Number of protein chains: 2
Amino acid sequence: MAVSFEELTKELKSKNIRLSHQRLKILEFIYNNKIHPTVDEIYKEIQKEIPTLSKTTVYNSLNALIDAGLVKVITIGEHESRYDIVTENHGHFKCDSCDKIIDFEIDIDAFASKELKDFEIIYKDVYFKGLCPDCNKMKNKNLK
Amino acid sequence: MAVSFEELTKELKSKNIRLSHQRLKILEFIYNNKIHPTVDEIYKEIQKEIPTLSKTTVYNSLNALIDAGLVKVITIGEHESRYDIVTENHGHFKCDSCDKIIDFEIDIDAFASKELKDFEIIYKDVYFKGLCPDCNKMKNKNLK
DNA sequence: TTTCTAACTTGAATTGATTACAAGTTTATT
DNA sequence: AATAAACTTGTAATCAATTCAAGTTAGAAA
């Protein structure tokens, strides 16, 4: 993790958010596995280490981490939410075939529109959808 | 409507999609009210004209219109889907306070990233969130 | 026009992600 | 060690969205 445990806890204390064992594990998992996991994927993985884990805790923890500004929700899939660590601006590409979400570099801030000068913009997301290189290759092969 | 009824039906026929009375009303409503409505808003409105309307029909119709490329889903809100007519590139700003979704001009195609050259990109969405001018003004007033 | 079939509509039942709630547990602080 | 607030847990509830089966509609073919 980029920030130390102490720094993190201190930063969170101002918001009355505790970095409990469960929450730390969840944060670690998202940080170490940049796969934009669903709640279910997080739950199943952490449950291996904490067998008493409840799914409600995963939801609660994620919401706490979101409030703390450490995690963000990706609503690119129409149904299940997926979660990502908050980092510099990047866009998300979701493959309609294999459901993978792939990061790509993008300077979202370059989009400062004059139209939005009176708006307070807090989040910026760029979502692309289509076929990833692997699935695209597969499709072209099958057409031959 | 920009396209005539005949053109539309013909265009849809190739996909075996009929532009039924219900579907036409739903399409008209989305086209005439650029409020990015929820299924419930559409249902309640069209029900005034077609009292026997079922919510399943609204879902079915929207999905058919999406397949036909006439309507698109906006997943900017974490829960309910919202629907929009397909037009030129524009971004969506969602106000976290009043929940309104506001269009803004943006040249999404300018984002052609070299990173994505092997991807087949079918949809591009830009979602911003924060406070709209009205809610922003209100907040600043209350802070004084 | 009549017939036929595929597409469509409808409402009830179901699914599945997410939240609400209440009871017990943990943790930081005094 | 005592206290209180935050946290975890499992169950129950919520609610958007889908499935399903039966009846209806509409357009193509005869």
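Model, not experiment: these values are computed from the prediction. In the text below, chain A, chain B and the rest are named by the order of the sequence lines, each starting its count at 1.
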Would you mind reading off the distance between A/Ile46 atom CD1 and D/dT8 atom C1', rounded to a whole angstrom? 15 Å
Report yes if at least one side-chain N or O of B/Ser81 is closer than 4.0 Å to OP1 or OP2 of D/dA17; otherwise report no. yes
What is the distance, rounded to the nearest whole Å, between atom NZ of A/Lys55 and atom P of D/dA12? 17 Å
Select from B/Leu53 and B/Asn16 the residue whose nearest nucleotide in DNA chain C is closer to the 5' end of that strand. B/Asn16
Would you call B/Lys129 and A/Asp125 a salt bridge, taking side-chain N to carboxylate O under 4.0 Å as the test? no
Check the distance between D/dT25's P and B/Lys25's NZ and give it to me in whole angstrom. 18 Å
So, do A/Phe119 and B/Phe93 have ring centers that fall under 6.0 Å from each other? yes
Separation of atom CZ in B/Arg82 from atom C1' in D/dA17, rounded to whole Å: 17 Å
Output the rounded distance in Å from CD1 (A/Ile50) to C1' (C/dT25). 14 Å
Flag the pair B/Glu120 and A/Lys139 as a salt bridge only when some basic side-chain nitrogen lies within less than 4.0 angstrom of an acidic carboxylate oxygen. yes
Strictly below 4.0 Å, heavy-atom distances to any atom of DNA chain C: list the hits from residues 56-69 of chain A, or just say none. A/Thr56, A/Tyr59, A/Asn63
Look for any protein N or O under 3.5 Å of an N or O in nucleotides 27-30 of chain C and output each such pair with its distance, or none.
residue : atom : partner : partner atom : Å
C/dT29  : OP1  : A/Lys13 : NZ           : 3.4

Salt-bridge contact B/Lys15-B/Asp67 (side-chain N to carboxylate O under 4.0 Å): no
Are more than 12 heavy atoms, taken from residues, nucleotides or ligands other than B/Lys34, located less than 6.0 Å from that residue's NZ atom? yes
Is the shortest side-chain N/O distance from B/Ser20 to OP1 or OP2 of C/dT9 below 4.0 Å? yes
Begin with the C-alpha distance, continue with both residues' side-chain angles, and end with the deciding distance and a verdict on salt bridge (charged side-chain N to carboxylate O under 4.0 Å, His left out) for A/Asp40 and A/Lys55. CA-CA 8 Å; A/Asp40 214 60; A/Lys55 208 173 243 185; 2.4 Å; yes
Candidates B/Leu27, B/Leu70, B/Ile30 - the one meeting side-chain contact (heavy atoms from CB on, under 4.5 Å) with B/Leu62: B/Ile30
Contacts under 3.5 angstrom, residues 94-105 of chain A side chains, donor-acceptor by atom type, not counting sequence neighbours:
residue  : atom : partner : partner atom : Å
A/Asp103 : OD1  : A/His36 : NE2          : 2.8
A/Asp103 : OD1  : A/His90 : NE2          : 3.4
A/Asp103 : OD1  : A/His92 : NE2          : 3.2

Which part of the nucleic acid, if any, lies within reach of A/Thr38 when heavy atoms closer than 4.0 Å are counted: base, sugar-phosphate only, or nothing? nothing
Below 4.0 angstrom from OP1 or OP2 of C/dT10, is there any side-chain N or O of B/Gln22? yes
Closer than 4.0 angstrom, basic N to acidic O: yes or no for A/Glu41 and A/Arg82? no
Using a cut-off of less than 4.0 Å, is there contact between a side-chain N or O of A/Arg23 and OP1 or OP2 of D/dT8? yes
Mind calculating the distance between OH (B/Tyr43) and C1' (C/dT10) to the nearest angstrom? 10 Å
A/His79 NE2 - C/dT18 P separation (whole Å): 11 Å
Could you tell me how far apart B/Asp40 (CG) and D/dC15 (P) are, to the nearest whole angstrom? 11 Å
Under the side chain to side chain contact (heavy atoms under 4.5 Å, CB included) criterion, do B/Val58 and B/Ile46 qualify, and how do the steps go? CA-CA 9 Å; B/Val58 180; B/Ile46 313 283; 6.0 Å; no
Closest-nucleotide ordering on DNA chain D, the 5'-leading residue of A/Thr52 and B/Val39: A/Thr52
